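Remarks on the structure that follows.
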2 protein chains.
Amino acid sequence: MHEHHDHEHDHTHDEIKEAVEHLKSSGVRITPQRHAVLEYLIEAEIHPTADDIYKALEGKFPNMSVATVYNNLRVFKDIGLVKELTYGDASSRFDYNTTKHYHVICESCGKIVDFHYPSLDEVEALAETVTGFEVSHHRMEIYGTCPDCKEKH
Amino acid sequence: MHEHHDHEHDHTHDEIKEAVEHLKSSGVRITPQRHAVLEYLIEAEIHPTADDIYKALEGKFPNMSVATVYNNLRVFKDIGLVKELTYGDASSRFDYNTTKHYHVICESCGKIVDFHYPSLDEVEALAETVTGFEVSHHRMEIYGTCPDCKEKH
DNA sequence: TTATTACATTGTAATCTTTATAATTAGTTT
DNA sequence: AAACTAATTATAAAGATTACAATGTAATAA
Ligand SMILES: [Mn+2]
Ligand SMILES: [Mn+2]
Ligand SMILES: [Zn+2]
Ligand SMILES: [Zn+2]
């Protein structure tokens with residue numbers, strides 16, 4: 001487990017550098033708060049909410065405003081660094097944008113797991129011909145019960 | 001256009017009766033407000049928000065509370081009469097539950113159009129084997145620009 | 001029919017997430 | 001270092017939904 005984490009940390013190090021370059025080349029300033037939000041997003045495996053991020057960083061930045069988190073998430077979204085995942089009642093979740101993938105969501109504990117599957121191009125194509133829309137993208141999620149929650153009945 | 005509407009009204013008449021039976025057999029009382037919300041949902045073609053319904057009925061029920069609309073929508077949802085469609089920032093939309101179908105959404109004007117396509121069972125099956133989840137259902141929507149909005153550039 | 005009971009509606013307050021605003025702070029460029 | 005501009009902060013405001021308590025009404029029993 002430790003090894004796993006260390007290995008991941010090495011990996012994210014590159015991703016952070018890459019993301020910072022992306023920000024710089026988009027004319028976005030690198031501030032300590034912004035860097036921390038970005039870093040947390042890249043290292044997090046939980047598809048965090050804005051409040052998750054806010055709480056995770058309040059130790060390091062006791063004066064940081066929740067508006068800063070939202071502002072930065074919007075900036076990251078605008079330049080394509082992160083994707084916003086919106087669900088029913090609860091708050092949005094944010095996903096650092098690596099490769100395209102879908103999500104499987106546990107209805108019992110709320111866990112969100114990545115799920116790789118070829119893009120549903122046929123569905124998009126048919127929708128175009130049937131509805132006359134010019135299709136730009138689609139969204140799909142799968143809901144169910146995760147292994148942990150199945151065990152606990 | 002008139003003929004079209006009259007024809008549809010005949011059709012919805014049966015659906016309303018059917019839905020009322022469903023409510024009765026579920027032990028849910030039929031009140032005038034509840035009936036009006038149900039009727040509006042069945043006749044509406046726009047996947048209305050709670051506020052759409054509230055506004056549409058305020059002529060007939062000047063004293064109706066917005067809480068009543070929400071309460072009834074919850075009741076309808078609980079017994080499976082309607083489905084709640086949740087999108088990002090905006091408010092939920094409600095769909096009278098006829099047959100299973102997907103939706104195509106215009107990113108320009110917000111229009112939501114029904115789209116019939118065979119259920120993505122293969123995707124669900126693969127998700128089960130890959131993630132170990134017990135899958136219950138999925139959701140999919142397609143986004144793009146509707147014909148009307150394409151015309152207006 | 002009347003009384004009882006449980007459910008539904010109403011009006012309003014509260015909650016929760018997200019955005020707007022204005023003042024202050026801090027990167028960046030010259 | 002000075003000037004310029006963007007980012008942060010604190011707080012207020014907005015918008016959607018839910019909670020709550022009082023009142024009203026449909027269903028059922030007496
Ligand atoms: Mn993901
Ligand atoms: Mn529909
Ligand atoms: Zn779970
Ligand atoms: Zn449109």
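Remember, it's a predicted structure, so these values are computed and weren't measured experimentally. Below, chain A is the first sequence line, B the second, and so on; all start at residue 1. Below, all heavy atoms of this structure are taken into account, side chains as well, without hydrogens, waters or symmetry copies.
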Nucleotide [N], atom [atom2] - distance to [atom1] of [X] in whole Å:
| X | N | atom1 | atom2 | value |
| --- | --- | --- | --- | --- |
| A:L73 | C:dT17 | CG | P | 15 Å |
| B:H35 | C:dC7 | NE2 | C1' | 18 Å |
| B:N71 | D:dT23 | CG | P | 19 Å |
| A:E58 | D:dT9 | CD | P | 13 Å |
| A:I53 | D:dT8 | CD1 | P | 13 Å |
| A:D78 | D:dA6 | CG | C1' | 15 Å |
| A:D51 | C:dT18 | CG | P | 9 Å |
| B:N63 | C:dT12 | CG | C1' | 15 Å |

Look at all strands and tell whether [X] reaches a base, only sugar-phosphate, or nothing, counting heavy atoms closer than 4.0 Å.
| X | result |
| --- | --- |
| B:T49 | nothing |
| A:N72 | sugar-phosphate |
| B:S91 | sugar-phosphate |

Considering just the side-chain nitrogens and oxygens of [X], establish if one lies under 4.0 Å of OP1 or OP2 belonging to [N].
| X | N | result |
| --- | --- | --- |
| A:Q33 | C:dA26 | no |
| B:R34 | C:dC7 | no |
| B:R74 | D:dT18 | no |
| A:S92 | C:dT17 | no |

request  = Take B:Y70 and B:T31, find for each the nucleotide of DNA chain D with the closest heavy atom, and name the residue whose nucleotide sits nearer the 5' end.
outcome  =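 Its nearest nucleotide being more 5', the pick is B:Y70.
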ask   = If you find the nucleotide of DNA chain D closest to B:I30 and the one closest to B:F94, which residue's nucleotide is nearer the 5' end?
value =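 Between the two, 5'-proximity favours B:F94.
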key: Among C:dG27, D:dT17, C:dA8, the one nearest B:V28 by side-chain distance   = C:dA8
request  = From the options D:dT11, C:dT10, D:dT8, select the nucleotide whose nearest atom is closest to the side chain of A:A67.
outcome  =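 Nucleotide nearest to A:A67's side chain: D:dT11.
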query = Taking the six-membered ring for Trp, is the centroid-to-centroid distance between B:Y102 and B:H138 below 6.0 Å?
reply =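 They qualify: ring centres under 6.0 Å apart.
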message = Strictly below 4.0 Å, N to O, side chains only: are B:R139 and B:E141 in salt-bridge contact?
response = yes
N-O pairing of B:D148 and B:K152 below 4.0 Å = no
key: B:E84 and its side chain to side chain donor-acceptor pair (under 3.5 Å) partner, picked from B:R93, B:K77, B:R74   =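 That would be B:K77; it is the only one of B:R93, B:K77, B:R74 passing the side chain to side chain donor-acceptor pair (under 3.5 Å) with B:E84.
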ask   = DNA chain C: B:F61 or B:R29, which has the more 5' nearest nucleotide?
value = B:R29
query = Of all heavy-atom pairs between A:F133 and B:I105, which one has the smallest distance, and what is that distance?
reply =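 Distance-wise, the nearest heavy atoms are CE2-C, 3.6 Å.
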task = Determine the minimum heavy-atom distance between A:E39 and A:I16, stating which atoms define it.
result = CG-CD1, 3.5 Å
ask   = Is B:S65 side chain donor-acceptor paired with the C:dG11 base, going by distance under 3.5 Å alone?
value = yes
